2 protein chains.
Amino acid sequence: MNSLTEENYLKAIYKLVAGEKGAVTTNAIAQKMNTKAASVTDMLKKLSDKKLINYEKYYGVKLTIKGEKIALTIIRKHRLWEMFLVEKLEFGWDEVHDLAEQLEHINSEKLVEQIDKFLDYPKVDPHGDPIPDSNGKLQIQKSALLSTFKKNEVCMMTGVVDHSPTFLQYLAKTELTLGSTIKINDINDFDRSLQIAVNKGKAFFISNEVAKNILATAKQ
Amino acid sequence: MNSLTEENYLKAIYKLVAGEKGAVTTNAIAQKMNTKAASVTDMLKKLSDKKLINYEKYYGVKLTIKGEKIALTIIRKHRLWEMFLVEKLEFGWDEVHDLAEQLEHINSEKLVEQIDKFLDYPKVDPHGDPIPDSNGKLQIQKSALLSTFKKNEVCMMTGVVDHSPTFLQYLAKTELTLGSTIKINDINDFDRSLQIAVNKGKAFFISNEVAKNILATAKQ
DNA sequence: ATTATTTTTTAGACTAGTCTAAAATTTATT
DNA sequence: AATAAATTTTAGACTAGTCTAAAAAATAAT
C-alpha cells in the first residue's frame with residue numbers, strides 16, 4: 001500500500017502531466033504540493049523505487065502505467081465523493097473539494113463501488129470532469145457542460161449527463177447527437193437558454209436545463 | 001487539532017475507563033493500541049501537555065472533560081458511519097468496523113451533521129450502542145437489544161430501535177414501555193421468539209423481530 | 001564559449017510516532 | 001521489612017516526511 005503522502009504526489013503529477021505533453025518538473029510538483037524542491041526530490045526517489053514513476057535526474061518525471069492507475073483510482077474516489085456530498089448530503093459544489101481530499105484516501109474497494117452504485121454509476125461530475133471506472137480507465141474525454149460555453153464558441157457534443165429515455169428521446173428529435181458540431185449563437189441572460197446551430201444547420205433554442213445535461217469539448 | 005494517533009489514544013482510553021472505575025494503566029493502553037508501553041508513555045506526556053488527560057506517573061490516566069468530549073465525538077462519528085454503511089450502502093454489520101475506524105477521523109462538522117440527518121438522527125446503532133449527540137453527550141445508557149439476552153435474564157427496557165407509529169402502537173397494547181422490567185422466560189430455538197413476563201405479570205410471546213427493536217439493560 | 005542564473009540534488013537536521021534495552025518505581029512475596 | 005517480580009519511565013535509535021543551506025547540473029545571457 002501507498003501512504004497518503006505518496007498518493008497525493010501521484011495525483012499531483014497526474015494533474016501536471018495532463019497539462020503538459022512532456023515530463024513534469026520538480027519545482028512544478030513542489031508548488032502544487034506546497035512543499036520545497038528538496039522534499040519533492042526525496043519523494044521522487046521513493047516513488048521511482050516503487051516503480052510508480054519514471055524519474056530522470058535533473059530532467060523530470062512521468063507516471064508509469066501502475067502509477068497512473070493509482071492516480072486515477074484516487075481521482076475516481078475524489079469525484080464520487082464530491083458527487084455523493086452534493087447529491088445526497090446537500091453540500092454545495094463550492095464546499096466539497098477539501099472534504100473530498102480527505103475522503104479520497106479512505107481505503108476500501110467495496111465502499112467505492114457501493115457509493116458508485118448508490119449514485120447510479122455517474123460518468124461525469126457536474127463540473128463535466130469524467131469519473132474513471134473501477135479499473136482506472138477514463139471512459140470519456142474531459143468535457144464541459146454545454147451550459148458553460150460562451151457566445152460564439154464552437155464545440156463538439158461528447159455525451160450527456162442525464163441518460164433517461166425522456167431526455168434521449170428529446171435529443172433524438174433535434175440534430176443533437178454524439179459528434180454533432182454546436183455553435184452557440186446567443187445566450188439569453190435571463191434564463192440562460194441558448195440559441196444554437198447544429199452542424200451549421202438552422203438555429204434553434206434549448207433551455208439551460210437541457211444545456212446542463214449535454215457534454216461537449218471545445219473545437220479548434 | 002489533534003493527530004489521528006492522538007485521537008486513537010483518546011478513544012482507547014475512553015473505552016478502557018468505561019470498563020474500570022479507576023485510572024487506566026499504561027500496559028492496558030499499549031495492549032489496546034498494539035504498541036509498546038514506552039510509546040504509550042510518550043503519548044501520555046503529550047496528551048497531558050494538551051490537557052486532554054490527567055496523567056500521574058506510575059499510577060495511571062483519566063480523561064479530562066475536554067479529552068472525553070473529543071473521544072465521544074470520534075465515537076459519534078464511528079457509530080454514524082457504521083449506521084450509514086449498513087443502512088444505505090448494503091454493508092453487513094460484521095464488515096463495517098475497520099472501515100469506520102478510517103472514516104471516524106474525517107474532519108468535517110458539517111459532514112457528520114448531514115450524515116446524522118440523512119440517517120434521520122439515530123439514537124443507537126443496531127448493537128444497542130448509543131450514539132453521542134453533536135455536543136458529545138450520551139443521551140441514553142448503553143443498552144443491548146432484547147434479542148441478545150439469555151433465558152432467565154431480567155432486564156429493564158430503555159428504548160426502541162424502530163420509532164414508527166405502527167411499532168409503538170403495538171407496544172402500547174402490551175405492558176412494554178420505558179422502564180418496564182422484563183424477564184426472559186424462554187427462547188424458541190427455531191424462530192428466536194421469546195416468552196417474556198413484564199413487571200412480574202402474565203407471560204406472553206414476542207417475535208424475534210419485535211425483540212430486535214427493543215433496547216434493554218441488564219438488571220442487578 | 002564562457003560566465004551568470006536558475007533549477008535540482010545532496011547533506012544534514014528536525015518532528016511525530018515508533019521501537020529496544022536499561023533504569024526507576026511500584027507491587028507482591030517471602 | 002527485605003527482596004523478588006512486574007510495571008512504568010527514560011534514553012537512545014529508527015522511519016517518513018519535512019526543512020535549510022550548500023553543491024551540482026542545466027539553462028540562459030552575454
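Letters A, B, ... are given to chains in the order of the sequence lines, protein chains preceding strands, and every chain is numbered from 1. Since this is a predicted model, take the numbers as computed values, not measurements.
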Asker: Please confirm whether the shortest side-chain N or O distance from A:Asn27 to OP1 or OP2 of C:dT8 is below 4.0 Å.
Answerer: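 The answer is yes; a side-chain N or O of A:Asn27 sits under 4.0 Å from OP1 or OP2.
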Asker: Starting the side chain at C-beta, find the nucleotide from C:dA21, C:dT9, D:dC19 nearest to B:Ala38.
Answerer: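 So the side chain of B:Ala38 is nearest to C:dA21.
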Asker: Considering only D:dC19, D:dT9, C:dT9, which nucleotide approaches the side chain of A:Ala37 most closely?
Answerer: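 The closest nucleotide is C:dT9.
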Asker: Among B:Glu109, B:Glu113, B:Glu104, exactly one meets salt bridge (charged side-chain N to carboxylate O under 4.0 Å, His left out) together with B:Arg76. Which residue is that?
Answerer: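 With B:Arg76 as partner, B:Glu109, B:Glu113, B:Glu104 yield a single salt bridge (charged side-chain N to carboxylate O under 4.0 Å, His left out), made by B:Glu113.
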Asker: When you compare the protein's N or O atoms with those of nucleotides 1-4 of chain C, which come within less than 3.5 Å of each other, and at what distance?
Answerer:
none

Asker: Measure CG/B:Asn2 against P/C:dT15 and give the value in whole Å, please.
Answerer: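 It is 19 Å, rounded to the nearest whole Å.
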Asker: Check for a donor-acceptor pair, side chain of B:Arg79 on one end and backbone N or O of B:Pro130 on the other, with a separation under 3.5 Å.
Answerer: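 It does hold such a pair.
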Asker: Under 4.0 Å, heavy atoms only, any strand: does B:Thr41 hit a base, just the sugar-phosphate, or nothing?
Answerer: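 Here B:Thr41 touches the bases of the nucleic acid.
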Asker: Looking at A:Lys69, I'd like to know if its NZ atom is crowded, meaning that more than 12 non-hydrogen atoms belonging to other residues, nucleotides or ligands lie closer than 6.0 Å.
Answerer: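 No, the 6.0 Å shell around NZ holds no more than 12 heavy atoms from other groups.
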Asker: Given D:dT9, D:dC19, C:dT18, identify the nucleotide with an atom nearest to the side chain of B:Thr26.
Answerer: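 The closest nucleotide is D:dT9.
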Asker: Nearest of D:dT18, D:dT8, C:dT18 to any side-chain atom of B:Tyr9?
Answerer: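 Given the options D:dT18, D:dT8, C:dT18, the side chain of B:Tyr9 is closest to C:dT18.
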Asker: Distance check needed: C:dA11 C1' versus A:Lys45 NZ, whole Å only.
Answerer: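 The answer, rounded to whole Å, is 10 Å.
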Asker: Using 4.0 Å as the upper bound for N to carboxylate O, is an ion pair formed by B:Lys11 and B:Glu6?
Answerer: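 Judged by the 4.0 Å cut-off on N to carboxylate O distance, B:Glu6 and B:Lys11 do not form a salt bridge.
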Asker: Examine the side chains of A:Asn2 and A:Lys50 and answer whether a donor and an acceptor come within less than 3.5 Å of each other.
Answerer: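 Their side chains do contain a donor-acceptor pair, which is all the 3.5 Å distance test asks for.
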Asker: For the pair made of CG in B:Asp49 and P in C:dA16, what is the distance, rounded to whole Å?
Answerer: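 Rounding to the nearest Å, CG of B:Asp49 and P of C:dA16 are 11 Å apart.
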Asker: Does NZ or CZ of B:Lys110 fall inside the cone over A:Phe91's six-membered ring, less than 6.0 Å from its centre and within 45° of the axis?
Answerer: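 Geometry flag: set, cation within 6.0 Å and 45°.
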Asker: Specify the separation, in whole Å, of atom CG of B:Asp42 and atom C1' of C:dT20.
Answerer: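 From B:Asp42 CG to C:dT20 C1': 13 Å.
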Asker: Choose from C:dA21, C:dT8, D:dT8 the nucleotide whose nearest atom is closest to any side-chain atom of B:Thr25.
Answerer: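 Minimum distance to the B:Thr25 side chain belongs to D:dT8.
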Asker: Taking 4.0 Å as the cut-off, does a side-chain nitrogen or oxygen of B:Lys36 come that near to OP1 or OP2 on C:dT18?
Answerer: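 It does not, given that no N or O in the side chain of B:Lys36 lies less than 4.0 Å from OP1 or OP2 of C:dT18.
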Asker: Starting from C1' on D:dT18, measure out to CE on A:Met43 and report it in whole angstrom.
Answerer: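 Distance check: A:Met43 CE to D:dT18 C1' gives 10 Å.
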Asker: Does the side chain of B:Asn8 pick up a donor-acceptor pair with the side chain of B:His105 at under 3.5 Å?
Answerer: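 A donor-acceptor contact under 3.5 Å links the two side chains.
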Asker: Between B:Lys62 and B:Glu56, is there a salt bridge with N-O shorter than 4.0 Å?
Answerer: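 Looking at B:Lys62 together with B:Glu56, the answer is no, because their closest N to O distance does not fall below 4.0 Å.
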Asker: Whole angstroms only, please: what is the CD-P distance between B:Glu6 and C:dT18?
Answerer: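 Checked: the CD to P distance equals 10 Å.
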Asker: Checking all strands, does A:Ser39 fall into the base, sugar-phosphate, or nothing category for heavy-atom contacts under 4.0 angstrom?
Answerer: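 If one applies the 4.0 Å heavy-atom cut-off, A:Ser39 turns out to touch a base.
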Asker: Looking at residues 53-62 of chain A, who's got a heavy atom less than 4.0 Å off DNA chain C?
Answerer: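 The stretch gives A:Tyr55, A:Lys57, A:Tyr58 as the residues lying under 4.0 Å from the strand, ordered by number.
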Asker: Between B:Thr41 and B:Ala37, is there a donor-acceptor pair closer than 3.5 Å when you use the side chain of the first and the backbone of the second?
Answerer: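 Checked: pair present.
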Asker: Would you kindly check if the NZ (Lys) or CZ (Arg) of A:Lys88 is within the cone defined by 45 degrees around the ring axis of B:Phe118 and under 6.0 Å from the six-membered ring centre?
Answerer: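 Judged by the rule, A:Lys88 and B:Phe118 form no cation-pi pair.
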